Each structure stands twice: as C-alpha cells, then as structure tokens.
Amino acid sequence: MTEYDKIEQDKKKWENSISLKKERKQTFRNLSEIEMNRLYTPNDIKDLNYALDLGFPGQYPFTRGSYPNMYRGQLWTMRQFAGFGTADQTNKRYKFLIDHGNTGLSVAFSLHTIYGIEATDPRALGEIGKEGVAIDSLKDMETLFDGIDLSKISTSMTINGPASILLALYIVTAEKQGHTPEQLRGTIQNDILKEYIAQKSWIFPPDPSMRIIVDTIEYCTKHVPQWYTISISGYHIREAGSTAVQELAFTLADGFAYVEAALERGLDIDDFAPRLSFFFNSHNNFFEEICKYRAARRIWARHMKNRYGAKKPESMRLRFHTQTAGVSLAAQEPENNIARVTIQALASVLGGTQSLHTNSFDEALCLPTENAVKIALRTQQIIAHESGVTDTVDPLAGSYYIEWLTNKMEEEAENYFQRIEDLGGVVPAIKANFFQKEIANASYKYQQEIENRERTIVAVNQFEQREPCSVPLLKIDEEVAKEQIKKVNKLKEERDNNKVKEKLEQLKEAARGTENLMPFIIDAVREYTTIGEIINALKEVFGTYHEDSIF
Amino acid sequence: MNEERKIKVLVCKPGLDGHDRGAKVLARALRDAGMEVIYTGIHQTPDDVVNTVIQEDPDAVMLSMLSGSHNALCPLIMEKLKEHGIDDVLVAVGGIIPDEDKPFLEKHGLKGFQGPGTDLKTIVEFVKNNLKR
C-alpha cells in the first residue's frame with residue numbers, strides 16, 4: 001500500500017468514525033462555484049511537482065511570488081486611487097496622501113475625460129469632476145502635478161480610450177518640470193479589451209483601439225523604458241459581476257491578445273513583455289482570492305514561455321496591482337466595510353501583490369472623505385507593519401487546500417482559454433458578446449443567491465438593523481463644472497489655434513496611414529490641444545463603437 | 001390597468017457612466033417577474049431617453065445612475081417628457097442617490113431611489129404599486 005492509499009483509507013475511516021455535526025449547508029462553494037471538500041490531504045495534491053509547479057519566489061513559474069524575497073525586501077506600493085473636482089483640488093489631496101505615507105499616485109479621472117469628451121460638450125453635463133479629476137488639456141495636467149516631482153514618484157493613470165493622450169500629457173508635463181521620458185515611472189491602464197467586456201468606457205471600435213495600444217507599447221519600449229504600458233485589468237470584469245475564475249481567465253486572455261498584437265507588429269517579446277502589468281480585484285472569499293493570484297502568476301509564466309517563446313524571466317513574471325472589491329461594500333452600516341476591506345487586503349498581500357488600493361468604507365455612498373481614505377491607508381500599514389504576514393515569502397504554500405485550489409483555478413482558466421479560442425480569439429468573442437453574457441449570468445446568479453439568503457452579507461440580508469446611515473458624505477460642488485468649462489474656453493482664447501489645427505490635421509493624416517501615433521499626439525498636446533479635440537479628430541478616421549444592449 | 005396586458009418597462013442608463021451591472025440585473029429581474037423589458041444600454045442623453053419613451057410607450061422608466069449626475073439629468077428628462085405631453089409614465093431613479101438629493105428629485109416627479117443592497121423583489125413590487133396607468 002502506498003502512503004497515499006493509506007491516507008485515503010484513514011480519511012475514510014475518520015469520516016466514518018467521527019460523529020459529524022449536521023453541516024450548515026448541503027454544499028460549500030466559493031464565489032466561483034467551486035465546491036469545497038470537507039478536508040484536504042496530501043492526496044489532493046499528489047501530482048504537485050515542487051520544481052515544475054511552484055519553484056522558488058522570483059523564479060519560473062513564479063507561483064510563490066514575483067520577486068525573490070518579496071516583502072522582506074520591499075513592501076508593496078500603497079497606492080490610493082484618488083481624483084475629484086478640479087486639478088487644483090486633487091493636487092491638494094495628493095499632497096495630503098504623500099504626507100501620510102502614500103508611496104505612489106493613482107489618478108481617477110472625470111467621466112468626461114475618460115470618454116475624451118470636452119467639458120464644454122453637452123454630453124458632459126452633470127459628470128464633470130464627479131467621479132474623478134477633470135482634465136481637459138495640458139493646463140490641467142500642469143496644475144494636477146504642481147509641486148510633485150515626477151522623476152521621484154510613480155503614477156498610475158486609470159485611463160483607457162484616451163490613454164495615449166494622457167501618457168503624452170504626462171510626458172510633456174514632466175518635460176516642463178525638467179525631466180526626460182527615460183526618468184518617468186508609472187502606468188496607464190490602456191486596457192481597451194476589458195472596456196468592451198465590462199467597464200464600457202470604449203471610444204473607437206476594437207481594431208483601431210488595438211492599433212493605438214500597440215503604438216503606445218512600441219513608443220514606450222523605445223522612449224519611456226520604465227513605463228508600464230498596459231495594466232491588464234480583471235478588476236472591472238469582477239466588478240461587473242464575474243466570478244473569480246472568470247476574472248482570472250478573461251484577464252489573462254486579454255493579456256495574451258495584447259501580446260499577440262504586439263508580436264504581429266514585429267516587436268520582440270522580451271522587449272515589451274517586461275513592461276506589461278496586471279490589475280486584479282480582491283473580493284470576499286479569502287483563500288479563493290489568494291489562489292487566484294498564485295494561479296495567475298503560474299499561467300502567465302507558462303504561456304509566455306511555452307506559447308510565445310519568451311526568453312527573459314522578466315517577460316514571464318506577472319506583476320500586479322490589487323484593489324479591494326468596490327462591489328462588496330455595503331451601504332448598510334458602512335463602517336462594517338472596514339472589516340471587509342481588511343480581509344480583502346490581507347488576501348492580496350498573502351497572494352503577493354506589488355501594489356494595493358484599499359477602498360474607503362464610505363464608497364458605497366459617495367467618493368471617499370478624507371477621514372475614510374486615511375483609515376483605508378492605515379489598514380494597509382497595519383497589515384504591513386503589525387501583522388507579521390510580511391516576514392516570510394508565500395507563507396501559505398504547501399497547504400493542501402491552497403495548492404489544490406490554485407491548481408483547480410488554473411485548470412478552469414485553461415478551459416475558458418479553449419472556449420475563447422474556439423470563438424476565434426478575444427476580439428471575435430467580444431463581438432459575439434461571449435464575455436458580456438457570461439458576466440451577466442454570473443452577476444444575476446450571485447444577486448439571486450443573496451436574495452435567497454444562500455449567501456450572507458452581514459447587515460444587508462442577515463442581522464439587518466436598518467438604522468439610517470449617519471456617515472458624512474463628500475459632495476462635489478456644481479461650481480466645478482462651471483469653472484472647468486470657463487477654463488477650457490479661456491484656454492482656447494490664449495493658445496495658438498492655428499498651430500492646434502495644424503497638429504490635428506497631421507494627426508489625422510497619420511491615423512489614416514500606419515505610422516505610430518504617439519509623436520503626433522505629443523506634438524498636439526504640447527500646443528494645448530484638448531483631449532476632446534484629439535479624440536474627435538481620431539473619431540473622424542476611426543469611427544465609434546456601439547455595443548449590443550444585452551442583459 | 002388591464003390585468004391581461006404585460007407591464008412594459010424601460011431600463012435606462014443616462015449619462016456617461018458605464019457601470020451597468022445593476023441595470024442589467026434589474027432588467028432581468030423585471031423580465032423574470034413577467035414584465036416586458038427594454039434595456040436602452042449605456043450613454044443615454046435626456047433626448048435619447050425621451051425619444052425611446054415616445055417610440056416604446058412604456059408604463060415605467062427605471063433610470064440607473066451611479067456617477068452623481070442625477071441632479072443635472074433627471075429634471076431635464078422630466079421636463080422633456082412634459083414638453084411631449086407625457087405624464088402617465090412612472091419615472092424612477094435608483095443607484096447612488098444621496099438622501100439629501102431626494103426632495104429635489106421628488107419635486108421634479110421622480111420616484112424610487114432604491115440604493116445598494118435593495119432586494120430585486122422590492123423593486124418589482126415598487127413598479128407594480130406605483131404605475132400611473
């Protein structure tokens with residue numbers, strides 16, 4: 001009898017001999033609907049090969065961590081996503097965050113900026129500065145980073161449709177501060193595929209969008225070498241209602257699509273792949289989230305090496321930012337969200353995140369107040385400095401359950417890759433509404449489970465008290481919009497409008513051809529051309545996207 | 001109203017916000033409750049909403065808003081409906097609507113204000129009980 005047979009036999013004996021209490025549920029399932037066993041033993045991971053499946057941190061296949069000594073060497077970047085109102089207001093919030101120990105900036109943009117719609121456009125009505133900072137031109141960008149040394153801090157910009165334009169604005173703002181593009185560190189989200197799939201801030205149709213993204217990859221590879229060119233994002237896929245497995249699979253599939261597009265341009269994988277990064281969600285099921293991150297690293301490494309022929313380990317190393325799940329925050333008894341965020345943040349740290357945004361407890365109700373933001377940042381600092389979880393690398397490795405679930409998530413993600421490939425790849429699958437339908441089904445199911453009390457959300461569907469909410473809310477002054485419109489109009493009086501026109505014509509000409517658009521966009525923003533004007537010019541060439549309204 | 005006829009509901013997302021999870025879940029719940037549901041999709045301007053109401057003649061319009069543009073856009077939608085003589089349609093807004101904004105929106109004839117954590121059943125009942133025809 002082998003050792004495994006013996007364990008199996010003993011396990012059966014154990015299950016028969018002990019008197020199990022009647023279990024609370026018929027089946028125990030995580031948020032990906034994976035059924036959990038009562039107990040895991042070495043038998044559940046008997047095929048696990050340490051060298052091939054786990055290895056050492058910082059080495060292929062990176063399951064145990066992206067870097068050799070992880071948080072013993074350097075803690076994750078505590079990067080709180082922030083932006084609201086005018087550039088001036090947000091600049092003050094950044095300085096507040098930096099003073100309190102924030103080690104990287106993360107810009108939330110106003111919806112009109114996200115869509116490349118100028119503040120003066122009627123479609124911007126009611127949206128300016130509400131969900132993020134209002135940026136229309138280089139003028140606003142100069143104000144946003146006033147007094148912040150862009151050669152010292154790293155900046156993440158959550159921007160997709162107009163990502164190339166915001167990158168150009170950042171480069172020119174830094175140039176005015178006296179810094180070269182080589183010195184700049186940061187990220188543009190620049191992940192348009194998940195916009196079609198989940199977040200919906202698309203502008204152009206998929207094909208020209210992919211071209212612009214490859215333009216940014218190509219440009220940064222040559223001129224902004226420390227910049228992360230795409231933050232391939234599962235966050236929004238999850239927020240839109242996907243399961244953890246879907247988040248994992250769809251995000252990595254998007255990543256493969258970008259790799260393939262860049263290879264098609266003729267770029268060398270080892271030149272651009274080290275500058276791709278990822279962005280995941282951290283939801284409520286603690287171990288499921290940890291295993292999702294571990295599986296993500298291993299899948300990425302394997303595909304980069306075996307499928308795309310990467311040679312450099314950096315090309316195979318998946319690095320990621322995490323944000324705790326906004327969608328998990330409750331409006332009922334909002335202070336409870338502090339506990340939720342702590343658990344989610346801890347999962348991302350045990351999963352080996354490189355940077356982290358912890359949500360503020362009041363975000364189911366409004367943009368966060370200063371006090372709520374401070375508590376969220378303190379949560380990270382307590383995990384980092386008081387909990388001791390940072391003292392050893394990948395402390396959960398070897399757990400029968402953790403390794404079993406990591407394997408299981410990889411296996412289920414591979415199944416999805418096959419289904420996507422059968423549809424012809426990511427873009428054809430988007431056009432066939434494959435992802436959109438999968439997500440809509442998952443989110444409806446989740447909602448039904450909550451309503452049927454199959455899943456408990458404390459103080460929402462169980463233990464409710466229904467006390468009126470008493471937390472203070474942040475209110476965005478309607479004056480912000482008026483001020484922004486005034487600023488844009490004034491700018492148009494002051495700048496050289498002939499130059500602007502000339503640069504826009506040159507950009508359109510380039511867009512009709514195959515040249516890299518980045519130098520043209522940089523030339524245009526330098527003349528204070530607005531983001532809206534650049535987007536409108538490109539729309540003339542590329543057209544706009546329309547989605548099917550399925551539900 | 002005639003019990004035989006299905007209640008017809010228009011689910012809309014006005015403004016630029018793309019967070020359509022709630023709108024889609026609600027659309028499906030209303031459909032599962034036996035209603036006829038039209039989902040407009042995202043990025044609806046007030047004119048888009050009103051034009052769809054004219055074309056589809058729904059009994060109820062459910063606006064899902066999460067980005068804070070409700071005070072600017074909802075009254076506009078109500079005014080434009082009035083201009084077209086439409087006054088027998090239930091218009092409700094839900095999503096992230098702070099309590100202090102409710103009186104202002106109510107004054108403009110809006111109802112609902114269902115926020116995060118609301119049961120779908122509650123919204124289905126709300127629609128049934130607040131129809132104007």
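Convention: sequence-line order gives letters A, B, ...; per-chain numbering from 1. Bear in mind that the values here come from a model prediction, so they are computed numbers and not experimental data.
Nearest approach of B:V127 to B:A60, heavy atoms of both residues: CG1-CB, 4.3 Å. B:I77 and B:V50 make their closest contact through O-CG2, 3.9 Å (heavy atoms, listed as atom of the first residue, atom of the second, distance).
Side-chain atoms of A:H112 do not come within 3.5 Å of backbone N or O of A:A124 as any donor-acceptor pair. A:E451 places a side-chain N or O within 3.5 Å of a backbone atom of B:L120 that can act as its donor or acceptor partner. For the pair A:D136 (side chain) and A:I531 (backbone), a donor-acceptor distance under 3.5 Å is absent.
Taking 4.5 Å as the limit, every side-chain heavy atom of A:E195 sits out of range of all side-chain heavy atoms of A:Y545.
For A:Y115, the part lying near chain B is the side chain, with the backbone staying farther off; criterion is any non-hydrogen pair under 4.5 Å. For a residue to count as touching a neighbouring chain, one of its non-hydrogen atoms must lie under 4.5 Å from one of that chain's; by this rule B:L76 touches chain A with the side chain only. Proximity to chain A (any heavy atom under 4.5 Å) is shown, for B:A23, by neither the backbone nor the side chain. If you measure heavy-atom distances from B:V11 to chain A, you find no contacts under 4.5 Å at all. For chain A, the nearby part of B:D101 is the side chain; its heavy atoms alone come within less than 4.5 Å. The contact between A:I117 and chain B is made entirely by side chain atoms (from C-beta outward), counting heavy-atom distances below 4.5 Å. Using a 4.5 Å cut-off between heavy atoms, A:E127 contacts chain B through both its backbone and its side chain. A:S443 touches chain B through backbone and side chain together, each having a heavy atom under 4.5 Å away. Residue B:L16 touches chain A through both its backbone and its side chain, counting heavy-atom pairs closer than 4.5 Å. Within the 4.5 angstrom heavy-atom criterion, only backbone atoms of A:A240 (N, CA, C, O) approach chain B. Only the side chain of B:H43 comes within contact range of chain A, judged by heavy atoms closer than 4.5 Å. Using a 4.5 Å cut-off between heavy atoms, B:S67 contacts chain A through both its backbone and its side chain.
Counting heavy-atom pairs under 4.5 Å between each of B:G115, B:A29, B:P98 and chain A puts B:A29 at the top. Here B:I42 is the residue among B:I42, B:I97, B:T45, B:T118 with the most heavy-atom pairs under 4.5 Å with chain A. Each of B:G15, B:G41, B:A27 has some count of heavy-atom pairs under 4.5 Å with chain A, and the biggest count is that of B:A27. Between chain B and the residues A:I457, A:I450, A:V327, A:I439, the largest count of heavy-atom pairs under 4.5 Å involves A:V327.
No more than 12 heavy-atom neighbours from other residues, nucleotides or ligands sit within 6.0 angstrom of NZ on B:K82. B:K132 NZ: more than 12 foreign heavy atoms inside a 6.0 Å radius.
Among pairs with a residue in residues 22-42 of chain B, those fulfilling salt bridge (Lys or Arg N to Asp or Glu O under 4.0 Å) read B:D20-B:K24, at least two apart in sequence or across chains.
Salt-bridge annotation for A:E479 and A:K482: present, with a side-chain N of the basic residue lying under 4.0 Å from a carboxylate O of the acidic one.
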